[in-house]
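Remember, it's a predicted structure, so these values are computed and weren't measured experimentally.
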Amino acid sequence: MSIFHVNIPTEVSFGEGCRFSLNTILRESDPKQILFIGTKSGFQRSLVKDLLADAEQYCPIHIWEQVRPNPRISDIEACLASFKDKLITHIIGVGGGSVLDQAKATAMSLEVGLSPQVLIETKRLLPKRKNKLILLPTVSGSGAELSYGAILTDEQSGEKVGLRGKNIAPDYALVDPEMTYSVPLALSYISGFDIFTHALETYLSQKASPFTASNSQAAMIRVFSFLPVLKHNLEDREARRNLAYASMLMGINLALSSTCMPHRLQYPVGAATDTAHALGLAALYPAWLRHVFPQATIKLAKCAEWIGVHRNDISDSENAASFVKRVLLLMKEINLNVTLKDLNLSEQDIGALSDKVSGMLETDPSYKSRIDIMKIYTDALKLSCSEPIEELL
């Protein structure tokens with residue numbers, strides 16, 4: 001067994017009602033001015049209004065609502081311009097993955113007084129922040145409350161870029177399942193698929209460890225057990241709790257392991273189409289599963305065991321195929337039957353998309369050269385989760 005390290009800089013609270021820990025954090029850390037980052041609709045929720053009212057007991061608060069899906073660097077620059085002369089000591093992000101990524105980038109920009117654009121272009125090391133960053137996810141999916149990255153859209157280049165490193169992580173993550181109870185079914189489905197992709201990719205990753213593998217197993221079991229439950233009862237508290245827990249575990253995995261090619265390939269797709277992260281992943285997954293299958297057969301067969309479709313009387317290859325078949329079925333059940341063509345991309349876009357793929361591609365067990373990227377993109381134009389397993393593999 002190779003050496004691995006577990007060192008998470010974020011203090012994590014999990015469970016119904018843990019959002020009220022915010023009072024303790026604020027009382028003990030002497031805030032001067034607080035900046036809340038979220039969406040206009042998010043700030044209208046009663047649970048969030050209560051958090052704002054509690055925070056006002058300690059010091060003046062400011063609210064920033066200029067957050068869009070696939071958060072823009074320009075919005076963070078506007079926030080920096082508005083608050084750089086304020087004595088902001090605490091930044092609190094309340095929302096889904098886009099909000100949390102924007103809050104992480106904003107906290108770092110306020111700390112150093114520089115735009116994320118400058119930090120990325122000059123490849124500056126991100127310092128340890130003096131301000132306090134507190135994140136409260138309201139959607140179970142991205143794991144952004146614990147990951148070491150903030151994925152942003154650069155409108156000038158049309159690319160997705162990222163601030164990365166341990167110092168981008170929040171000081172506190174308050175993962176309260178009650179905050180996710182009112183998430184609509186379509187968003188619950190797409191964010192739940194995001195949890196699954198993190199579980200599978202951080203398990204297949206060359207950077208996986210026994211610790212992250214155990215987390216992947218726990219998350220994958222929960223997705224397959226509880227995501228379909230929401231179709232019949234959107235308010236099922238056990239399902240919401242387990243999905244929130246799985247998402248939190250995958251935030252840890254994103255920090256300690258790594259995703260594989262689908263995430264790297266989705267960033268150019270998301271920037272080009274301005275579509276949800278997990279929707280782009282769904283469009284790429286059938287093609288990637290076909291591509292990675294020969295190099296990941298044994299691990300995929302293990303996944304079949306985790307979700308209860310493994311048989312002792314058949315080969316690893318057959319069990320791996322059973323797992324892939326079950327994944328495709330889940331995607332159909334949660335209405336993620338989509339191709340890159342459905343996202344208005346064509347063969348003419350493949351070259352430009354491929355040129356914009358970056359990151360640690362070598363963590364994917366099936367990556368050998370840029371040819372693999374072109375192959376997956378091309379196949380993803382036509383392959384969907386409705387593809388018969390016999391034709392896919």
Side-chain angles (χ1 to χ4, degrees), residues 193-209 212-213 215-217 219-220 223-224 250 253-254 257-270 277-307 309-310 314-332 336-340 350 353-354 357-393:
F193 182 70
D194 205 9
I195 300 172
F196 165 73
T197 67
H198 294 157
L200 181 59
E201 292 177 47
T202 58
Y203 177 53
L204 299 190
S205 168
Q206 305 283 29
K207 293 184 68 176
S209 71
T212 59
N215 288 342
S216 289
Q217 178 181 2
M220 200 177 295
V223 169
F224 278 90
M250 292 305 93
N253 268 24
L254 290 173
S257 180
S258 174
T259 51
C260 294
M261 273 200 286
H263 275 70
R264 307 291 175 264
L265 272 62
Q266 187 280 330
Y267 295 146
V269 170
H277 175 61
L279 188 65
L281 289 173
L284 292 162
Y285 246 65
W288 175 69
L289 286 169
R290 168 193 272 183
H291 190 80
V292 79
F293 189 91
Q295 287 77 30
T297 302
I298 293 176
K299 280 193 168 184
L300 292 173
K302 190 67 176 177
C303 292
E305 185 179 324
W306 292 348
I307 66 168
V309 296
H310 182 276
I314 59 178
S315 67
D316 283 338
S317 181
E318 290 170 307
N319 276 312
S322 295
F323 172 73
V324 172
K325 185 176 181 179
R326 183 65 187 89
V327 171
L328 299 178
L329 178 60
L330 175 69
M331 292 174 67
K332 284 189 281 189
L336 288 180
N337 187 4
V338 61
T339 66
L340 289 185
I350 298 302
L353 290 172
S354 299
V357 174
S358 61
M360 296 186 296
L361 293 161
E362 65 278 3
T363 61
D364 190 304
S366 64
Y367 177 75
K368 295 182 178 62
S369 72
R370 308 294 292 190
I371 294 173
D372 298 310
I373 296 171
M374 300 279 288
K375 172 65 174 169
I376 293 171
Y377 273 144
T378 301
D379 286 348
L381 287 169
K382 58 183 184 296
L383 292 180
S384 75
C385 60
S386 294
E387 203 73 24
I389 191 70
E390 296 78 16
E391 296 182 21
L392 182 67
L393 300 179

Arg326 side chain to Ala304 main-chain N or O, any donor-acceptor pair under 3.5 Å?
-> no

Under the salt bridge (charged side-chain N to carboxylate O under 4.0 Å, His left out) test, which residues partner Glu318, sequence neighbours left out?
-> none

Where do Leu281 and Asp194 come nearest, in terms of heavy atoms and distance?
-> CD1-OD1, 3.7 Å

side-chain hydrogen bond (donor to acceptor under 3.5 Å, both in side chains): which pairs involve residues 259-270, sequence neighbours left out?
-> His198-His263, Glu201-His263, Ser258-Arg264, Thr259-Arg264, His263-His277, Gln266-His277

Going by heavy atoms in the side chains, are Val357 and Arg370 under 4.5 Å from each other?
-> yes

Residues Lys299 and Ala208: closest non-hydrogen pair is NZ-CB, 4.2 Å

Taking all atoms of both residues into account, what is the closest heavy-atom pair of Ala287 and Ile376, and its distance?
-> CB-O, 3.6 Å

Which heavy atom in Met374 sits nearest to a heavy atom in Ile350, and how many Å separate them?
-> SD-CG2, 3.9 Å

Looking only at non-hydrogen atoms, find the nearest pair between Pro286 and Met331 and report the distance.
-> CD-CE, 4.2 Å

Check: Tyr367 and Cys260 side chains under 4.5 Å, non-hydrogen atoms | no

Taking all non-hydrogen atoms of both residues, which atom of Glu362 and which atom of Gln206 are closest, and how far apart?
-> O-CG, 3.6 Å

Going by the angle between their ring planes, with limits at 30° and 60°, are Phe193 and Tyr285 parallel, tilted or perpendicular?
-> perpendicular

Scan side-chain atoms only and decide if Asp372 and Ser366 contain a donor-acceptor pair under the 3.5 Å cut-off.
-> no

Is it true that the side chains of Asp316 and Thr297 contain a donor and an acceptor less than 3.5 Å apart?
-> no

If we ignore angles and hydrogens, is there a donor and acceptor under 3.5 Å between the side chains of Asn253 and Thr212?
-> no

Of the options Phe196, Phe224, Tyr203, which is the one that meets Trp306 in a ring-ring contact (aromatic ring centres under 6.0 Å, His included)?
-> Tyr203

